[in-house]
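Working notes, structure below.
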2 protein chains.
Amino acid sequence: MKLIENFDIDLESIVNMIIQEKATRVGLQLPEGFKRQAMKIAGYIEENTDAETLISGNPCYGACDLDVQLIKDTDLVFHFGHSRLEPFENVVYIEAPSHLDISTVVFQAADKLKGKRIGLLTTVQHVHKLEEVRKILEENGFETIIGKGDGRIVHPGQVLGCNFSAAYDITCEEYLYIGGGKFHPLGIALSTGKPVLCANPFTSSIEYIDLKQIMKQRYAAIAKTMEGKRFCILVSTKPGQERMQLARYIRDIARENGKEAYIVTMDLITPDQLLQFQADAYINTACPRIAIDEAGRFPAPMLTPPEFEIVLGMRGWEELVFDEIRE
Amino acid sequence: MKLIENFDIDLESIVNMIIQEKATRVGLQLPEGFKRQAMKIAGYIEENTDAETLISGNPCYGACDLDVQLIKDTDLVFHFGHSRLEPFENVVYIEAPSHLDISTVVFQAADKLKGKRIGLLTTVQHVHKLEEVRKILEENGFETIIGKGDGRIVHPGQVLGCNFSAAYDITCEEYLYIGGGKFHPLGIALSTGKPVLCANPFTSSIEYIDLKQIMKQRYAAIAKTMEGKRFCILVSTKPGQERMQLARYIRDIARENGKEAYIVTMDLITPDQLLQFQADAYINTACPRIAIDEAGRFPAPMLTPPEFEIVLGMRGWEELVFDEIRE
């Protein structure tokens, strides 16, 4: 059944799983881009099984973002579009591999790559295409290497927005990143200090990552926070994002340095919800992308924990890294 | 300790309770208007007890809106600004009575009221002032009556945005409502069919509720939904708003009438989150205010369950009422 342009979801095996598990109530959780298919999927399930379906209407930005209430309220939850992260017995992760052609951008990349030994990285949508990437590059005279990553990484060569570990465990001169968006390749470049060529199969653009703009933006946020006195330390209660111990550490080092700091727990972190607290800055221990991707939308600077260590002089300016949630 | 202009919160008794209960971790939940005091309250608690405080950053629009995760993560939660609704063992409701003078608007109301026997209604902030209202009106020759309401109502004469039961159990010619905003008095007028004089102590305005505009808006939403085919039935997972049985009833009558309908569960219901589903209308079993107060901000009509019965011809147009969550 063709549901989403260029993505492959096998509804028959979902139906078989529901019948086999004798599930009477089934939850569906889909990332934002897939939500418009939710009623179609629910309709298919209810036509072909006796199960009732409940669709999660909550935001879903990753496998870290499980709908815990839906998991409690149903026998089986199908979580679409992401690879397994948190071990919940009744959650089935339905990856949605993209059919998008990546060979064109990889051939273009082969013309542009400067190194000899290339580390290959991508997101879950394209990870099944890495062998094809490897073949093209090797036919063009490159050596390739694909890292395994830590325990939060399911597929070799896969990166998450909060985990670039598949880039760390390999030796290479530079990286080729296949995928849309700039966040992942920025994180890889900043964390490894090596060149990252970004091949975007959606826009057919090929370019080396330039860290200047993001560094300038982060340095400005860090500098502004140095003047602040009252900070909120944010903890997400999402199972894949909760880092309370880290939040306590940040709160305590802030206080040791004469600052006021309190822990604020929340589900979804939005600019609107923080407005009321009137803090001088927010230190975010939840999804590391929030501080970077939504910079400027918050009522005060939003820093990651490593950036706050720079504020307090515990880490040098040259030691700026992207925050990661590692194993 | 003066925390919030015109509101009274006794921090000493909060500190004593924490010490007495030997709580080591304390949660604070405040409605939006009080959140800017959160760090001040947390600071006072941490200075005067050994407890660690966690502040809820989630939206809080009523006592129906308890932070369930915070309740799990702490020994004691102080929920500010609302009266008790849900029975949780470790939740302490800290009402914040308003000091605002209400006598001026009540004297003005006495000049305007047409009936003889007046039912008195207000929200939790002013409920301790109802005896003063009664005295003024009786000195001016009126009879007054104050209803008890059902089990969701703590104080005689109190109304919630989803419960006007204190208006039902009394016999009177008209109502005097003391408070800000139009939602509560609109609900009282629509539900009882009697005149409601609205005395707003924040703006010093006195006016009879006029239902014309709201009726027009609701009729338009109902009429537009009649053309629709695919509906999302919304269920909130907030403990004080969850009405899954009602949602199933709505889904089933929709399907019996040849419509497609699916249940969508979510925490906070926002226009942004519904955008992706591309439904022809949304039927909301959660907080009844959402459909009314935020009408027009949603991507498609948002109806209450009684309004949807009008769509299906199961209820007459003249039987339009505000949705309520009763005992």
Given a strict heavy-atom distance threshold of 4.5 Å, which part of B:Ala38 is in contact with chain A: side chain, backbone, both, or neither? side chain
Can you tell which part of B:Leu70 gets under 4.5 Å to a heavy atom of chain A, answering side chain, backbone, both or neither? side chain
Using only the distance criterion (under 3.5 Å, no hydrogens considered), which donor-acceptor pairs connect chain B with chain A?
from	atom 1	to	atom 2	distance (Å)
B:Glu32	OE1	A:Gln273	NE2	3.4
B:Arg36	N	A:Gln276	O	3.3
B:Glu46	OE1	A:Arg255	NH1	2.8
B:Glu46	OE1	A:Arg255	NH2	2.7
B:Glu52	OE1	A:Arg248	NE	3.2
B:Glu52	OE1	A:Arg248	NH2	2.9
B:Glu52	OE2	A:Arg248	NE	2.7
B:Glu52	OE2	A:Arg251	NH1	2.6
B:Glu52	OE2	A:Arg251	NH2	3.2
B:Ile55	N	A:Ile263	O	3.0
B:Ile55	O	A:Thr265	N	2.7
B:Gly57	N	A:Thr265	O	2.7
B:Gly57	O	A:Gln273	NE2	2.9
B:Asn58	OD1	A:Asp267	N	2.7
B:Arg248	NE	A:Glu52	OE1	3.2
B:Arg248	NE	A:Glu52	OE2	2.6
B:Arg248	NH2	A:Glu52	OE1	2.9
B:Arg251	NH1	A:Glu52	OE2	2.7
B:Arg251	NH2	A:Glu52	OE2	3.2
B:Arg255	NH1	A:Glu46	OE1	2.8
B:Arg255	NH2	A:Glu46	OE1	2.7
B:Ile263	O	A:Ile55	N	2.9
B:Thr265	N	A:Ile55	O	2.7
B:Thr265	O	A:Gly57	N	2.7
B:Asp267	N	A:Asn58	OD1	2.7
B:Gln273	NE2	A:Glu32	OE1	3.4
B:Gln273	NE2	A:Gly57	O	3.0
B:Gln276	O	A:Arg36	N	3.3

Per-residue contact mode, B:Ala261 against chain A (heavy atom under 4.5 angstrom): neither
